[in-house]
Amino acid sequence: MRLRITEVFDSVQGESTFAGRRSAFVRLTGCDLRCTWCDSTYTFQGGDWRTLESLWDEVEGYGGDLVCVTGGEPLLQAAVHDLMAGFLDRGLTVTLETGGHRDLTPVDPRVHKIVDLKPPGSGEADKVRWANVELLTPRDEVKCVLVDRDDYEWARDRVRAHRLAERVHAVLFSPVHGRLAPDELAAWMIADRVPARLQLQLHKYVWGADARGV
Ligand code: SF4
């Protein structure tokens with residue numbers, strides 16, 4: 001069983017409530033969305049075919065206890081479920097970063113799902129799979145990446161309408177780096193008392209906006 005992989009590396013998690021923790025990353029190749037602000041376009045093509053055993057061995061070799069399965073869109077490759085089960089069976093904590101447009105039903109309940117809700121500024125808001133909301137658990141997190149006030153209001157209203165803060169461990173509002181000022185977003189969130197956390201992409205402050213594989 002194999003997966004097409006763009007990169008595997010050991011780093012520090014830059015997003016979610018796991019931010020700041022050392023984490024391995026397995027970045028799968030390919031995505032069926034084209035978000036306007038995507039910072040991972042290099043995952044759309046290329047990559048190398050890797051066996052699951054080689055991925056389990058490489059990540060175990062880092063010696064950590066956390067692994068992030070990401071992309072691209074990791075749920076496009078069916079064997080990702082076997083990959084995550086293997087990590088879990090080896091005692092690792094697994095986070096899965098997904099665009100929120102693919103069915104979450106097959107995801108192992110032990111996985112911490114970090115699920116995007118794509119606002120209009122992404123250009124992909126019509127792809128949101130709202131049926132996934134029912135599959136979210138207190139283990140999971142929802143992330144809204146925002147480019148402007150319209151995106152913010154869209155996210156604020158849907159967080160309230162779907163009572164997301166009551167369903168998941170955290171709702172994360174993240175400004176697009178260089179497009180929306182964090183202090184502006186923070187002021188909106190405070191004024192509206194939105195049940196969400198402000199999230200900055202830590203890795204971009206540590207390694208720079210265009211860094212990859214770190
Ligand atoms: S889902 Fe992720 S990888 Fe795909 S286009 Fe959007 S930001 Fe890029």
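Indexing begins at 1, ligand by ligand and atom by atom, following the structure's order.
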> Rounded to the nearest 0.5 Å, what separation is found between the CD atom of Glu7 and the CG atom of Asp48?
11.0 Å

> Please confirm whether Glu73 comes under 4.0 Å of ligand 1, counting heavy atoms of the residue only.
no

> At less than 2.8 Å, would any N/O/S atom of Cys38, backbone or side chain, sit next to atom 6 (Fe) of ligand 1?
no

> Look at the aromatic rings of Phe18 and His112 and report parallel, tilted or perpendicular, splitting at 30° and 60°.
perpendicular

> Quick one: does ligand 1 sit under 4.0 Å from the side chain of Cys35, the backbone, both or neither, non-hydrogen atoms only?
both

> Out of curiosity, Thr70 OG1 to Leu28 CG, how far, rounded to the nearest 0.5 Å?
8.5 Å

> Show which atoms of ligand 1 fall inside a sub-4.0 Å distance from at least one heavy-atom site of Trp37.
7 (S)

> Any atoms of ligand 1 less than 4.0 Å from a non-hydrogen atom of Cys31? List them with their elements.
1 (S), 3 (S), 4 (Fe), 5 (S)

> Once you restrict to heavy atoms under 4.0 Å, what part of Lys118 touches ligand 1? Side chain, backbone, both or neither.
side chain

> Within 45 degrees of the axis of the six-membered ring of Phe87 and under 6.0 Å from its centre: does Arg110 put its NZ or CZ there?
no

> Provide the number and element of each atom of ligand 1 under 4.0 Å from a heavy atom of Gly72.
3 (S)

> Can you tell me if Glu73 and Thr98 form a side-chain donor-acceptor pair at under 3.5 Å?
yes

> Angle between ring planes, His162 versus Trp130, binned at 30° and 60°: parallel, tilted or perpendicular?
parallel

